[in-house]
Number of protein chains: 2
Amino acid sequence: MSPPVAPSIAHEQHRLIHDIYVLLDDGDRRVLQKVNLSPLEFSVLQRLDTAQGRRLTDIGAELLCVKSTITRLVDRLEAHGLVRRTPDPDDRRAQRLLLTPRGLALRDEAVRLHDAAVERRMGLLDPAEQQQLRILLEKLRAGLSEDLEASN
Amino acid sequence: MSPPVAPSIAHEQHRLIHDIYVLLDDGDRRVLQKVNLSPLEFSVLQRLDTAQGRRLTDIGAELLCVKSTITRLVDRLEAHGLVRRTPDPDDRRAQRLLLTPRGLALRDEAVRLHDAAVERRMGLLDPAEQQQLRILLEKLRAGLSEDLEASN
DNA sequence: ACGCAATAGTTGCAGTTGCAAGCGATTATA
DNA sequence: TATAATCGCTTGCAACTGCAACTATTGCGT
């Protein structure tokens, strides 16, 4: 008389997204391990360029993790010669984070591998379904973002 | 001449799911913090009952995390009096994990809070959209699960 | 029945993350 | 313009997780 929880409808959706995320994340880890990157490190590299750079805090905000996490993650990437910190010309408190040539090469390689894996896995849905899914997810994301704003 | 990555179509989908997961997870953490549970702990409690119990390894497999993680997570839950280990009658290597009355009460409270939050957030889509989304996600999950099996 | 591989679970260790406190720089306020 | 609040980032600390090694038990092949 106390089984695993009886799921509601919305709950089931949430559970689905959770499961899918776990599955995708697991796949991502396997792929990215080939270039020695964690999913979070990859996410950071994806957001960088070799020209203007980005501020650490901005990246942290996008990734919903605290500043210290970015600090240390960047320490690691910098130690591997993938990124470079430079002073922000407009604000002497801030740092701008740039991709090094080596970081750019590695990122491109990672993107190539990752995209292939993603392509294969998302190919489980046909194009029409992908399109549909995308519309729904975009709506959901927009709503959730607002919701987050509202709660801060 | 080296902007943040140029996204493919499938990649965009993947990114959407990732973003949504992060947003949902963030929301979950806030809610579950009220009952002092991490999302993973909550996931474990959700899978338990007060009668037959479940084996640690099975739970770990469902949650895609290694056994040692479950071991120590259960240590914590047990220290808080929420679960109880009992020997498995069929296999002397194994333990069966049960909810205690206190664990049951806390889980129900957590489910209540969590469901309300989920309901509110998934309510950002109307019922027809939710239905559509669910179908797509279920198909995707099934495919990804197979994919995972295949790679092991 | 015997030995050997596989399985359930635990433990040591190292790596990653969040939180809180701290430092310098900047912006707002009086 | 002086002072306070805020902001960008870093560091110390504690908590959580994965990996590899280990013990005890089970089951398979011969």
| To the nearest Å, how far apart are A:N36 CG and D:dG18 P? | 18 Å
Return the polar atom pairs (N/O with N/O) between nucleotides 13-15 of chain D and the protein under 3.5 Å, or none.
unit_1: D:dC13; atom_1: N4; unit_2: A:R72; atom_2: NH1; d: 3.4

| query | C:dT10 phosphate, OP1 or OP2: any side-chain N/O from B:T71 under 4.0 angstrom? | reply | yes
| request: Give the ring-plane orientation class for A:Y21 versus B:H18, where under 30° counts as parallel, over 60° as perpendicular and anything between as tilted. | output: tilted
| message | Just verifying a value: how many Å separate B:L37 CG and B:R29 CZ, rounded to the nearest 0.5 Å? | response | 12.0 Å
| Roughly how many Å is it from CG in A:D26 to C1' in D:dT17, rounded to a whole number? | 14 Å
| message | Measure CG/A:L73 against P/D:dT10 and give the value in whole Å, please. | response | 12 Å
| What integer distance in Å separates B:D25:CG from C:dT17:C1'? | 13 Å
| query | When you check the gap from the basic side-chain N to the acidic O, do A:E12 and A:R15 get nearer than 4.0 Å? | reply | no
| query | C:dT10 P sits how many Å from B:I70 CD1, rounded? | reply | 11 Å
| Ignoring hydrogens and geometry, is there a side-chain-to-backbone donor-acceptor pair from A:Q130 to A:M122 under 3.5 Å? | yes
| Residues in contact with DNA chain C, drawn from residues 57-67 of chain A - heavy-atom cutoff 4.0 Å | A:C65, A:V66
| Gap separating the CD atom of B:E138 from the CG atom of A:L16, nearest 0.5 angstrom | 5.0 Å
| Rounded to whole angstroms, how far apart are CD on B:Q95 and P on C:dT11? | 11 Å
| task | State the CD1-CD1 distance between B:I20 and A:I17, to the nearest 0.5 angstrom. | result | 6.0 Å
| request: Between B:R55 and B:T69, name the one whose nearest nucleotide on DNA chain C is closer to the 5' end. | output: B:R55
| request: Identify the two heavy atoms, one from B:L140 and one from A:R121, that lie closest to each other, and give their separation to 0.1 Å. | output: CD1-O, 4.0 Å
| task | Confirm from the modelled atom types if B:S68 and D:dC19 form a donor-acceptor pair under 3.5 Å, side chain to base only. | result | yes
| What does B:L40 touch in the nucleic acid at a heavy-atom separation under 4.0 angstrom: a base, only the sugar-phosphate, or nothing? | sugar-phosphate
| field | Residues in contact with DNA chain C, drawn from residues 84-94 of chain A - heavy-atom cutoff 4.0 Å | value | A:D91, A:R92, A:R93
| field | A:D26/A:R30 ion pair, N-O < 4.0 Å | value | yes
| request: Indicate whether any N or O donor in one side chain lies under 3.5 Å from an N or O acceptor in the other, for A:N36 and A:H80. | output: no
| Between atom CG in A:D75 and atom C1' in D:dC9, what is the gap in whole Å? | 11 Å
| query | Nearest 0.5 Å, what's the CG-CG distance between B:L23 and A:L64? | reply | 6.0 Å
| query | Do any N or O atoms from the side chain of A:E129 and from the backbone of A:D126 form a donor-acceptor pair under 3.5 angstrom? | reply | yes
| field | Whole angstrom value for the distance that separates P of C:dT17 from CG of A:L77 | value | 10 Å
| request: Starting at CG of A:L136, measure out to CD of A:Q131 and round the result to the nearest 0.5 Å. | output: 10.0 Å
